[in-house]
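Input: a single structure, listed below in structure tokens.
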Protein chains: 2
Amino acid sequence: MSSVPPSIPSPVRIKQPKRADLVTEDVKRLITARNLKPGDRLPNEKDLQELFGVSKSTTREALKSLEVQGLITISTGPSGGATIREVPLERTLQLMQNYLFFQDISMKDLYAARTILEPELAAGAVANLTDEQLARLEANIETCQPACGSNATLLDQRQSDLDFHDLLAEANGDPFLRFLCQLINELLRRLVVYSTDTPADEHVSFGCANVRCHTAILNAARNRDADEVRRLMKEHMEEAESFVARLNGCLDGRLILDSEMAPQLRGFEPR
Amino acid sequence: MSSVPPSIPSPVRIKQPKRADLVTEDVKRLITARNLKPGDRLPNEKDLQELFGVSKSTTREALKSLEVQGLITISTGPSGGATIREVPLERTLQLMQNYLFFQDISMKDLYAARTILEPELAAGAVANLTDEQLARLEANIETCQPACGSNATLLDQRQSDLDFHDLLAEANGDPFLRFLCQLINELLRRLVVYSTDTPADEHVSFGCANVRCHTAILNAARNRDADEVRRLMKEHMEEAESFVARLNGCLDGRLILDSEMAPQLRGFEPR
DNA sequence: TTGTAGTATTTATCATGATAAATAGAACTG
DNA sequence: CAGTTCTATTTATCATGATAAATACTACAA
């Protein structure tokens, strides 16, 4: 018999890591150790097989893992293979939604976080807003003017409303706060559904209120009045939450698919 | 399982989605459509091959993708194969750290978000805290008493300090706010490094201040005084940030590996 | 110069096993 | 009954191609 001691049947046996996962880790170490940057290339499949002493299928699974994690793209052709890339925001948001799919997140929860974060995000963006960004904010408000719209148009407006907040997020210098707000915006964008029997005029009221709030925020931002922006945004969030509640807005519990997301997910990287 | 469908050469080339990714999407649709829950099993490899009309390697890559995303675990043996699971928090945090690896997040950014969120998190937890949780908080404070410790012990105390905040997070009823705070805690836990030449007594001061703050927060929590908890936590965050700054704490820019994380990542699921 | 056609490289996908390891459940044993 | 062994099932990993498709580059033609 071998020298391995008779494994004591413990309640939790240690799961043997799979080779592909070990290779994935090795590649990550390689990235950290060699300080590889987006655009740098990994060795091709054949070389990786030799480098780590594993078979083709194991190598391919490891690369698949890195691809799913958003860390590499793979292309065919000469000088093809795996290229490191900056993990796209969209990819991260999608992976996060896999998690939230199983959590019982309510609209109330989302708005609780939003009411805390958005005012600070907006206030922090005020100082950085360029003329161009201010112009885009103004243009966005135009788009959101609720005219006589079909129901589909009204839903489109809910999407455009969110763009206003994404634009503000872009102007904030804090990448982490930005990320948190983008996450919330994305969740609202993908998962909010309204009951079909909601009267259209309620939606119109919602749109009008948003336009009013956004306009006020934009004006305060033009005056570089961060405190006022914070105050207005807080009000806006509280009002918006009550509108959503009145419209029976709730979160759709479903898995987001890759194909619903931005094209960068497909792995195409211009340069 | 025959040949790949021919593609018509169009003027606008769209990146052809890979088969494995299409299969991954199909499985996700299956999960949503059939309302599959954690513990439910997918068909085995062979059946999936037939179901989707793809080869073994493609099937395996699709399963690998789902596994990396944390949506399934795979086991061998009779009645083995892919089992749906709730995406573990740890998995999600790791995937998110892949994203943040490329973002230039500073300690200041992290503490900005923390100072906004933690006070609300703590205040929201007060009403829900059970006696058992209060006891655990108290026990945690004991652990963090900075005695005469080696440098390694001092760093361990930084980790234990974070446990206090994780314990509070657990008691908050809002799963989304909880998630955000757990994310921050995890980032601090994994990525904060201190310069080696920091005097030990500064670390001791830090530890003492934390114990003081945590004690005050615990007392206020026992009195179910949410406002006081909020106020104390805000103070605590501001003080902690200045301590970290004085200790030259900064974020280690590296990729987190699976093996650093909790065992649930390995795919083991009791039941 | 500009566009096209050819060529070599590399991944994508398929096919078809073989051996090893993990595992659940049945059969056996003290 | 409790523990062990046997056995069938299923994935893990390897091996070894073959054909198809995407792509970078080069050579050639208008």
Side-chain angles (χ1 to χ4, degrees), chain A residues 1-2 4 6-24 26 39 41-68 72-83 266-271, chain B residues 1-24 39 41-50 52-68 72-83 266-271:
Chain A
M1 291 290 287
S2 68
V4 180
S7 64
I8 301 145
S10 61
V12 178
R13 262 167 300 180
I14 305 291
K15 190 101 168 186
Q16 204 62 26
K18 297 180 193 176
R19 292 230 170 160
D21 294 331
L22 295 176
V23 172
T24 303
D26 283 338
R41 293 220 313 285
L42 294 179
N44 69 21
E45 258 187 46
K46 206 158 194 83
D47 292 341
L48 286 173
Q49 282 173 51
E50 285 171 19
L51 183 56
F52 296 113
V54 293
S55 70
K56 188 170 75 170
S57 45
T58 302
T59 309
R60 286 190 59 79
E61 281 195 16
L63 289 174
K64 187 77 206 170
S65 171
L66 292 165
E67 194 190 29
V68 170
I72 62 169
T73 62
I74 304 178
S75 56
T76 61
S79 75
T83 305
R266 288 265 155 265
F268 181 73
E269 185 193 347
R271 237 173 78 98
Chain B
M1 284 175 217
S2 53
S3 62
V4 181
S7 73
I8 301 140
S10 65
V12 180
R13 269 168 305 173
I14 295 164
K15 188 99 172 187
Q16 204 63 26
K18 295 179 194 175
R19 291 222 158 169
D21 294 332
L22 295 176
V23 172
T24 303
R41 294 219 316 283
L42 294 179
N44 69 20
E45 261 188 45
K46 205 155 196 83
D47 293 341
L48 286 173
Q49 283 172 50
E50 285 171 20
F52 297 114
V54 293
S55 70
K56 187 170 76 170
S57 45
T58 302
T59 309
R60 286 191 60 78
E61 281 195 17
L63 289 174
K64 188 77 206 170
S65 172
L66 292 165
E67 194 190 29
V68 170
I72 61 169
T73 62
I74 304 177
S75 56
T76 61
S79 75
T83 305
R266 289 265 155 266
F268 181 75
E269 184 194 338
R271 234 176 78 92

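The chains referred to below are lettered A, B, ... by the order of the sequence lines, with proteins before strands, and numbering in each begins at 1. Just so it is clear, the structure is predicted and the values come from calculations on it, not from any experiment. Just so you know, these numbers use all the heavy atoms, side chains as well, and skip hydrogens, waters and symmetry mates.
- Comment: B/Glu45 engages B/Arg60 in a salt bridge, judged by a side-chain N to carboxylate O separation of less than 4.0 angstrom.
- Whole-Å rounding puts the A/Arg60 CZ to D/dT13 C1' distance at 15 Å.
- Between B/Asn44 atom CG and D/dA8 atom C1' the separation is 14 Å, expressed in whole Å.
- Formation of a donor-acceptor pair under 3.5 Å by the A/Thr24 side chain with backbone atoms of A/Ala20 is found in this model.
- The pair A/Glu61-A/Lys64 does not meet the salt-bridge criterion, since no charged nitrogen lies less than 4.0 angstrom from a carboxylate oxygen.
- Comparing B/Ser57 and A/Ser75, the nucleotide of DNA chain C nearest to each residue sits closer to the 5' end for A/Ser75.
- DNA chain D is contacted by both A/Gly77 and A/Gly53; A/Gly53 maps to the nucleotide lying nearer its 5′ end (nearest heavy atom per residue).
- B/Lys18 places its NZ atom 15 Å from the C1' atom of D/dA20, with the value rounded to the nearest Å.
- Taking atom NZ of residue A/Lys46 and atom P of nucleotide C/dT9, one finds them 13 Å apart after rounding to whole Å.
- Put simply, NZ on B/Lys56 is 9 Å from C1' on C/dA18, counting in whole angstrom units.
- A side chain to side chain contact (heavy atoms under 4.5 Å, CB included) with A/Leu66 is found for one member of A/Thr73, A/Ile72, A/Ile74 and no other, namely A/Ile72.
- The CZ-C1' distance, from A/Phe52 to D/dC14, rounds to 18 Å in whole Å.
- Listed nucleotides D/dA12, D/dC14, D/dT23 differ in distance to A/Pro78; the shortest reach to its side chain belongs to D/dT23.
- Rounding to whole angstrom units, CZ of residue B/Arg19 and P of D/dA22 are separated by 12 Å.
- Taking the side chain of B/Thr76 as heavy atoms from C-beta on, and the options D/dT11, D/dC14, C/dA24, the nearest nucleotide is D/dT11.
- In this structure, CD of A/Glu45 is placed 9 Å from C1' of C/dA12, rounded to the nearest angstrom.
- Toward the 5' end of DNA chain D, the nearer of the two residues A/Thr59 and A/Ser79, judged by each one's closest nucleotide, is A/Thr59.
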